[in-house]
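Sequential numbering from 1 along the given sequence is applied to the chain's residues. These numbers were taken from a predicted model, which means no experiment stands behind them.
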Amino acid sequence: MPDPIPTTPAAFPRNKRRLLFVSAVATLLSISGCVSDDEVDKATNQFVQAATTLTHDYQSLLANANTVEANNYIVNQTFAAEPINDPGIKGSAVLSADEIKSRGDAIKALTDYTTALATLAAGKPGDQIQADVATASTSAKSVTTGITTLVVTPPKGAKAPDFGTPAAAAATAIGDVLKVIENHRSASEIRASIKENDAKITPLYKALEDESTFYFERQTSQMRLVEITLLHTYNVAIAAKPVDQAQLLQLSDHLEQYEKDSAALETSDPTAAIKGFESAHAALVDLVTAVKPEEKKKFLAELIAQVKSFAAEVKTPSKSSSTTTNPTS
């Protein structure tokens with residue numbers, strides 16, 4: 001006699017949850033019959049690669065901000081004929097290691113969330129959707145934890161854009177969408193949650209854009225002070241009687257290095273790439289929330305175009321770093 005079919009939730013909780021999840025996503029946002037799932041896969045892979053490069057570039061820009069501030073401290077001390085010491089150099093930093101890491105965590109959370117939405121849009125198997133949703137959820141929680149424990153050190157004499165508030169709001173909104181998916185809600189409820197929470201997520205992109213512009217422009221102006229100091233010192237040196245040829249040679253080396261550093265800095269602004277990142281996200285949200293087949297085709301084409309544009313904007317790691325010149329070494 002066959003075993004009786006279990007009739008209580010406790011008798012088959014795991015299988016029941018799996019069946020509910022699979023049934024919930026089976027009809028959710030699939031583009032099968034409209035376009036090839038491979039197109040979504042290719043766009044997603046390109047998007048993730050571009051986002052990884054963006055993370056490196058953005059964190060490199062922020063790390064270099066501390067180097068530039070240290071050199072500005074050296075410049076000011078040089079003009080004032082004051083001592084230059086290690087505490088002063090370290091105290092000039094405008095971003096801690098944790099603050100820099102938190103920006104990388106935020107970009108990863110946005111990337112993982114977008115990847116999870118792409119998995120839904122492509123109508124992937126339930127196991128993959130579960131895995132991507134779990135990854136995105138972990139990333140969002142990391143942002144929340146990092147923001148809670150973060151101690152912000154604003155640049156002296158300047159007010160940096162607010163990063164913490166939009167980052168915390170975005171992490172919460174991402175978590176809310178993922179919970180709706182994890183709770184096996186209907187396709188219409190998931191679409192509604194994505195649309196409702198997107199307005200709480202997009203301000204994080206704007207915060208990242210504002211920050212990248214702020215720190216890039218600040219570095220540009222601070223490096224200009226380094227150039228002024230080097231040129232002033234050089235002109236004083238050539239007017240001396242007798243001329244110290246060794247000093248002139250050292251100063252000319254610093255000026256040559258400054259030109260290289262300045263050129264590297266010019267290519268390190270990730271603002272345009274972050275805007276491309278946001279546009280790709282927006283295109284995917286349109287695709288994920290579309291219902292009609294013709295809308296899905298239209299938004300898939302837009303997604304592919306935006307991802308290509310985003311990938312074209314990211315800089316290579318070798319272009320994103322610069323080491324500023326120390327005028328006193």
Is there a donor-acceptor contact under 3.5 Å from the side chain of [X] to the main chain of [Y]?
| X | Y | value |
| --- | --- | --- |
| D244 | A237 | no |
| Q77 | P83 | yes |
| N183 | R185 | no |
| N64 | S60 | no |
| S262 | E259 | no |
| Q222 | E69 | no |
| E189 | S186 | yes |

For [X] against [Y], the heavy-atom pair lying closest together:
| X | Y | answer |
| --- | --- | --- |
| A167 | I147 | CB-CD1, 4.0 Å |
| F214 | K159 | CE1-O, 3.8 Å |
| A283 | L303 | CB-CA, 3.6 Å |
| T289 | R191 | O-CD, 3.6 Å |
| V307 | Q46 | CG1-OE1, 3.6 Å |
| A50 | A311 | CB-CA, 3.9 Å |

>> Using the ring-ring contact (aromatic ring centres under 6.0 Å, His included) criterion, which residues pair with Y73? Sequence neighbours excluded.
In response: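 Residues passing ring-ring contact (aromatic ring centres under 6.0 Å, His included) with Y73: none at all.
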
Got a second to check how far [X]'s [atom1] is from [Y]'s [atom2], nearest 0.5 Å?
| X | Y | atom1 | atom2 | answer |
| --- | --- | --- | --- | --- |
| D132 | I181 | CG | CD1 | 10.5 Å |
| L117 | L178 | CG | CG | 8.0 Å |
| L251 | E256 | CG | CD | 11.5 Å |
| T229 | I74 | OG1 | CD1 | 10.5 Å |
| S279 | I274 | OG | CD1 | 12.0 Å |
| D253 | L230 | CG | CG | 11.0 Å |

Going by the rule salt bridge (Lys or Arg N to Asp or Glu O under 4.0 Å), which residues pair with [X] if we only count those two or more places apart in sequence or in a different chain?
| X | result |
| --- | --- |
| E196 | none |
| K275 | none |
| K298 | none |
| K308 | none |

> Excluding sequence neighbours, so at least two apart, what forms side-chain hydrogen bond (donor to acceptor under 3.5 Å, both in side chains) with S137?
Replying inline: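 Partners of S137 under the side-chain hydrogen bond (donor to acceptor under 3.5 Å, both in side chains) test: none.
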
> side-chain hydrogen bond (donor to acceptor under 3.5 Å, both in side chains) with D162: which residues, sequence neighbours excluded?
Replying inline: T165

With heavy-atom distances below 4.5 Å as the criterion, would you say the side chains of [X] and [Y] are in contact?
| X | Y | result |
| --- | --- | --- |
| V314 | Y58 | no |
| D57 | S268 | no |
| D286 | E302 | no |
| K42 | I304 | no |
| H281 | Y113 | yes |
| Q219 | L61 | yes |

>> Go through it in stages, so that I can follow the logic: the residues are D105 and S139, the test is side chain to side chain contact (heavy atoms under 4.5 Å, CB included), and I'd like the CA-CA distance, side-chain angles, deciding distance and then a yes or no.
In response: CA-CA 7 Å; D105 290 343; S139 296; over 6 Å; no

> Which residues satisfy the side-chain contact (heavy atoms from CB on, under 4.5 Å) test with N45, sequence neighbours excluded?
Replying inline: none

>> Checking V243 now: which residues fulfil side-chain contact (heavy atoms from CB on, under 4.5 Å) with it, not counting sequence neighbours?
In response: Q245, L248

>> Listing request: all salt bridge (Lys or Arg N to Asp or Glu O under 4.0 Å) pairs with a residue in residues 109-123, at least two apart in sequence or in separate chains.
In response: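 Counting only pairs at least two positions apart or across chains, the salt bridge (Lys or Arg N to Asp or Glu O under 4.0 Å) contacts touching residues 109-123 are K108-D112.
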
>> Suppose the criterion is salt bridge (Lys or Arg N to Asp or Glu O under 4.0 Å): which pairs have a residue in residues 204-215, not counting sequence neighbours?
In response: R103-E211, K206-D210

>> Could you go through L255 and L231, starting from their C-alpha distance and side-chain angles, then the distance that decides it, and tell me whether this counts as side chain to side chain contact (heavy atoms under 4.5 Å, CB included)?
In response: CA-CA 8 Å; L255 284 166; L231 291 174; 3.9 Å; yes

>> Assess the residue pair I174 and V143 against the criterion (side chain to side chain contact (heavy atoms under 4.5 Å, CB included)); give the C-alpha distance rounded to whole Å, side-chain angles, the decisive distance to 0.1 Å, and a yes or no.
In response: CA-CA 11 Å; I174 288 172; V143 172; over 6 Å; no

> Given Y215 and N66, is the side chain to side chain contact (heavy atoms under 4.5 Å, CB included) satisfied, shown in steps?
Replying inline: CA-CA 10 Å; Y215 285 109; N66 287 339; over 6 Å; no

> Regarding D98 and S96, is there a side-chain donor-to-acceptor distance under 3.5 Å anywhere?
Replying inline: no

> Do any pairs count as a ring pair (Phe, Tyr, Trp, His ring centres under 6.0 Å) and have a residue in residues 290-313, sequence neighbours left out, and if so which ones?
Replying inline: F47-F310, F277-F310

